[in-house]
2 protein chains.
Amino acid sequence: MGHLTESLGYVLKQSAKALHLATEEVLRPFDLTVAQFSCLELLGRHPGLSNAELGRGAFVSRQSMNLVLRGLQQRGLVTRPDTVATGWARPTQLTPEGRAQLHAAAESVRKVEKRMISAIPEKRRVKLRKDLAACADAIAPSAR
Amino acid sequence: MGHLTESLGYVLKQSAKALHLATEEVLRPFDLTVAQFSCLELLGRHPGLSNAELGRGAFVSRQSMNLVLRGLQQRGLVTRPDTVATGWARPTQLTPEGRAQLHAAAESVRKVEKRMISAIPEKRRVKLRKDLAACADAIAPSAR
DNA sequence: TCCTTCATGTCAACATTCTGACACGTCGGG
DNA sequence: CCCGACGTGTCAGAATGTTGACATGAAGGA
């Protein structure tokens with residue numbers, strides 16, 4: 001599509017879309033959507049996150065994350081206490097099955113990211129990551 | 001959300017989402033969605049694109065772009081011939097009103113991109129853009 | 001103490017996008 | 001010449017995400 005690629009926003013969207021598609025594809029054999037995998041990965045690194053926290057971490061609303069969580073719970077991949085001592089937030093935990101699924105799927109997802117990163121000269125990878133994070137910070141609503 | 005930011009895929013999604021949200025916000029006064037604006041911008045740079053071509057350029061299916069295009073057509077911002085001499089593809093053109101809307105909205109959108117870019121040292125901006133493009137190429141389905 | 005503010009989970013309605021499917025026109029090789 | 005592959009526009013159905021709203025509990029200041 002030619003000279004649109006001179007816009008940083010365009011290539012940003014393009015890369016994100018391509019990554020999403022590729023991730024979707026490798027996740028298909030595991031019967032996991034990208035949202036579901038993101039949720040599992042978040043829980044793997046930060047056990048006990050609540051529904052709303054998971055939503056923010058995966059960049060979706062808490063209503064959407066609620067549906068994702070129900071699916072995962074029904075498949076026995078995560079656990080939430082039906083009732084909680086204090087407040088509303090129900091801490092979510094990975095089940096052993098969930099941890100196994102995450103471990104298996106994460107391997108495939110890392111291959112995708114590896115393939116993407118391999119296109120970048122090694123010395124520039126850290127800077128790329130930091131620059132992108134700086135972009136996100138500069139444009140976040142809280143930064144206004 | 002801590003150490004997830006060490007994953008390039010995560011910050012990529014984060015930046016893209018932040019940019020989308022910010023663009024959505026500045027586009028609201030013009031009563032344009034991001035998809036609609038992308039469509040107008042594509043037509044501004046490449047007049048006569050068909051429905052399917054616009055969809056590919058904006059990273060959505062041709063079915064979705066069809067709905068976007070109908071809305072823009074109904075508002076008098078674009079024109080498509082009802083019938084065409086050869087084939088199915090109907091070349092889309094911006095109307096004068098569409099061109100005016102695009103010009104006005106593009107100014108606001110460029111401010112957003114400017115704010116995002118301003119977080120990056122000037123010398124690195126070109127490399128960032130090229131690295132992102134390389135990422136997209138490396139991971140595109142055709143690259144497999 | 002009270003009460004205002006904030007955060008959470010959940011329900012409902014709505015919007016947007018995608019996949020599957022069909023009909024039609026073009027282009028190419030056999 | 002024919003026919004298969006390909007691209008396009010469109011319809012229908014399903015999946016997914018979002019906003020708005022409500023009830024409830026926690027936290028902090030007057």
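Fair warning: this is a prediction, and the values are worked out from it, not measured in the lab. Note on naming: letters A, B, ... go to the chains in the order of the sequence lines (proteins, then strands), and numbering restarts at 1 for each one.
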Visitor: Among C:dG9, C:dC18, D:dG17, which nucleotide has an atom closest to any side-chain atom of A:Asn51?
Guide: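 From the listed options, C:dG9 comes nearest.
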
Visitor: Any side-chain N or O of A:Thr86 less than 4.0 Å from the OP1 or OP2 oxygen of D:dA26?
Guide: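 For A:Thr86, the contact criterion (side-chain N or O under 4.0 Å from OP1 or OP2 of D:dA26) is met.
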
Visitor: Measure the distance from CG on B:Leu69 to P on C:dT16 and round it to the nearest whole Å.
Guide: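 In whole Å, C:dT16 P and B:Leu69 CG are 15 Å from each other.
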
Visitor: Could you tell me whether the phosphate oxygens of D:dT10, OP1 or OP2, come under 4.0 Å of any side-chain nitrogen or oxygen in B:Arg90?
Guide: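 B:Arg90 to D:dT10 OP1/OP2: side-chain N or O found under 4.0 Å.
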
Visitor: Measure the NE2-CD1 distance between B:His20 and A:Ile139 for me, rounded to the nearest 0.5 Å.
Guide: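 Between atom NE2 of B:His20 and atom CD1 of A:Ile139 there are 12.0 Å.
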
Visitor: Just how far is it from atom OG1 of A:Thr92 to atom CD of A:Glu53, taken to the nearest 0.5 Å?
Guide: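 Rounded to the nearest 0.5 Å, the OG1-CD separation comes to 9.0 Å.
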
Visitor: On DNA chain D, does the nearest nucleotide to A:Val60 precede the nearest nucleotide to A:Trp88 from the 5' side, or the other way round? Give the residue.
Guide: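 Result: A:Val60.
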
Visitor: To the nearest Å, how far apart are A:Glu53 CD and C:dA7 P?
Guide: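 To the nearest whole Å, that distance equals 12 Å.
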
Visitor: Let's see if you can work this out: which of C:dT10, C:dG9, C:dT17 has an atom nearest to the side-chain heavy atoms of B:Ser64?
Guide: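 From the listed options, C:dT17 comes nearest.
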
Visitor: Going hydrophobic residue to hydrophobic residue with side-chain gaps under 4.5 angstrom, can you get from B:Leu21 over to B:Val34?
Guide: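 No; B:Val34 is not reachable from B:Leu21 via cluster members.
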
Visitor: When you check the phosphate oxygens OP1 and OP2 of D:dT18, does a side-chain N or O of A:Ser61 lie under 4.0 Å from one of them?
Guide: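 Yes, because at least one side-chain N or O of A:Ser61 sits under 4.0 Å from OP1 or OP2 of D:dT18.
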
Visitor: Just by modelled atom types, is the A:Leu8 backbone N or O under 3.5 Å from a matching donor or acceptor in the B:Glu113 side chain?
Guide: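 Answer holds: yes.
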
Visitor: With a 4.0 Å cut-off on heavy atoms, is B:Leu67 in touch with a base, just the backbone sugar-phosphate, or nothing at all?
Guide: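 The answer is base, as B:Leu67 lies within the cut-off (heavy atoms under 4.0 Å) of a base atom.
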
Visitor: With respect to the side chain of B:Gln63, which nucleotide from C:dG20, D:dA23, D:dG9 is positioned closest?
Guide: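 Of all the options, the side chain of B:Gln63 is nearest to C:dG20.
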
Visitor: Of the options C:dT10, D:dG7, C:dT16, whose atoms approach the side-chain atoms of A:Arg62 most closely?
Guide: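 So the nucleotide nearest the side chain must be C:dT10.
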
Visitor: Once you round it to whole Å, what is the distance between C1' of D:dT18 and CE of A:Met65?
Guide: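 Whole-Å distance recorded here is 14 Å.
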
Visitor: Rounded to the nearest Å, what distance is computed from the NE2 atom of residue A:His20 to the P atom of nucleotide C:dC18?
Guide: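 Value for this atom pair: 10 Å.
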
Visitor: With the side chain of B:Val68 defined as its heavy atoms from C-beta on, choose the nearest nucleotide among C:dT10, C:dT17, C:dT8.
Guide: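 Nearest to the side-chain atoms of B:Val68, counting from C-beta on, is C:dT17.
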
Visitor: Expressed as a whole number of angstroms, how long is the span from A:Arg70:CZ to D:dT16:P?
Guide: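 Taking CZ of A:Arg70 and P of D:dT16, I get 14 Å after rounding.
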
Visitor: Between A:Arg56 and A:Glu24, name the one whose nearest nucleotide on DNA chain C is closer to the 5' end.
Guide: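 Going by which nucleotide is closer to the 5' end, it is A:Arg56.
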
Visitor: Is a salt bridge present between A:Glu41 and A:Arg110, judged by a nitrogen-to-oxygen distance below 4.0 Å?
Guide: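 Salt bridge flag = yes for A:Arg110 with A:Glu41.
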
Visitor: Nearest-Å distance, CG (B:Leu54) to C1' (D:dG9)?
Guide: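 Atom-to-atom, B:Leu54 to D:dG9, this comes out as 13 Å.
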
Visitor: Would you say B:Asn66 places a side-chain N or O within less than 4.0 Å of OP1 or OP2 belonging to D:dT10?
Guide: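 For D:dT10, OP1/OP2 do have a side-chain N/O of B:Asn66 under 4.0 Å.
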
Visitor: Starting at atom CG of B:Leu21, determine the distance to atom P of D:dT19, rounded to an integer number of angstrom.
Guide: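 The distance from CG of B:Leu21 to P of D:dT19 comes to 8 Å, rounded to the nearest Å.
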
Visitor: Among C:dT17, C:dG9, D:dT18, which nucleotide has an atom closest to any side-chain atom of B:Lys17?
Guide: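 Nucleotide nearest to B:Lys17's side chain: D:dT18.
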
